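Start at 1 with the first residue, then count along the sequence. One-based numbering, in listed order, for ligands and for the atoms of each. None of these values were measured; they are calculated from a predicted model.
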Amino acid sequence: MRLSRYFLPILREVPKEAEIVSHRLMLRAGMVRQESAGIYAWLPLGLRVLNKVCAIVREEQNRAGAIELLMPTIQSADLWRESGRYDDYGKEMLRIRDRHEREMLFGPTNEEMITEIVRGYVKSYKSLPLNLYHIQWKFRDEVRPRFGVYRSREFLMKDAYSFDLDAEGARHSYNKMFVAYLRTFSRMGLKAIPMVADTGPIGGNLSHEFIILASTGESEVFCHADYLDKAVPGAGTDFEDRAGLQGLVDQWTELYAATSEKHDSDAFGAIPEPRRLAARGIEVGHIFYFGTKYSAPFGAKVQGPDGAEHMIHMGSYGIGPSRLVAALIEASHDEAGIVWPEAVAPFRVGILNLKTGDSATDAACEDLYARLVAAGIDVLYDDTDERAGAKFASADLIGLPWQILVGPKSLAAGKVELKRRVDGTRELVSPDDVLERLT
Ligand SMILES: Nc1ncnc2c1ncn2[C@@H]1O[C@H](COS(=O)(=O)NC(=O)[C@@H](N)CS)[C@@H](O)[C@H]1O
């Protein structure tokens, strides 16, 4: 992409309404724009990151055997009356009437709808286990939306729902998602710790939140520090190996880790003091097992191998891709701006022409740009006539992992400067070597 033809409304000044660094940097880097309280437009640079986050989420859901569908954002109130949640969901629910005065709502979550869908088709245990997921916008009329897209009113959620014949099968489905979550956040360069959590309005009696440690996190968390050094399960994990998966989940739940709502200070106190971690964290995922809480009122049942009818056992599994963009910045930034992990960077490389209009640097930049694009690398070429200092500041602000600085002096010696954003290291290399390094 040529910056001269892109849409990247970078702000020079720090927006005063932004209280946390990710909110400040997302506004300054031209990633989002608030349209109303807690409701944002995702501008091109922000959308590229959001899409990369969703691609990783999708890959790991698919790896775990979940099947993607897409449910609507607008739901019928009658659906929520069947589960009894229509009234007790409270003011967070955005209730709407259509032209026929039918009561509708903007979905805050989809347990009811997915149960109604499965009830319509699944009649035999032979169709189970089943895990259906979608990545869809949700609306929760938060009383105090704040921190930008971290706690917004309209937000993107991956929500998966599992269906099993019995509790034992449901536990295996839960474990598949648990392991998929460990892999998902790790691939984004994040250390997420699974913590025993409250089930809240979703319900059930088994739940874990996946927390990223961050000083600006809303959650207060307590855990054994050994979690920070654990390696997550590999890409070759056998998701059908029930015992193996339970073993992995046991490894990731044997040490103490809990959010403040479930904190047990005695258990925490039993940890040797140097290994006790009390911190603030960002909830990026939350998984639940809630048995027949939704299948019973909806009569979602199957004929079992014994010929009898069995209510389906369910769980639901949420990740917040839009919140994750903020969490990634909270976890990875410096005083110059964002430092994107390569897996989610909006572009992998930035080419900075330090003397636009100079025939030598223009030609070298065009050549590098053409060859990187041809190699399938996401590259943003700053071909604007901004002065060099402004280009350096913008490139550091938007946080691309690699910068190629093309200036007349080094070019005269057949070199360009390759800068690694994460640690600021720079080296003079030939244009050919740059391609060697980046492809
Ligand atoms: N107001 C919000 N703004 C941004 N992300 C949010 C917001 N509320 C929740 N999320 C994200 O959505 C994830 C799942 O939300 S949840 O309420 O915990 N779970 C559910 O709704 C279940 N139906 C999971 S399928 C959270 O872990 C969080 O990452």
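- Checking R119 against Y294 by side-chain atom types alone, no donor-acceptor pair falls below 3.5 Å.
- Around ligand 1, the residues contributing at least one heavy atom under 4.0 Å from the ligand are T109, E111, R140, E142, V149, Y150, R151, S152, F155, M157, D159, Y161, I202, E283, V284, G285, H286, F288, S316, Y317, G318, G320, R323.
- In this structure, the ring pair (Phe, Tyr, Trp, His ring centres under 6.0 Å) partners of F268, at least two apart in sequence or on a different chain, are F222, Y256, H263.
- Salt bridge absent: E19 and R146 never bring a charged side-chain N and a carboxylate O closer than 4.0 Å.
- Not counting sequence neighbours, the partners of A395 by the side-chain contact (heavy atoms from CB on, under 4.5 Å) test are L352, Q403.
- At least one test fails for R323 against the ring of F155: distance under 6.0 Å to the centre or angle within 45° of the axis.
- Sorted by first and then second residue, the pairs that involve residues 21-33 and meet side-chain hydrogen bond (donor to acceptor under 3.5 Å, both in side chains), not counting sequence neighbours, are S22-E330.
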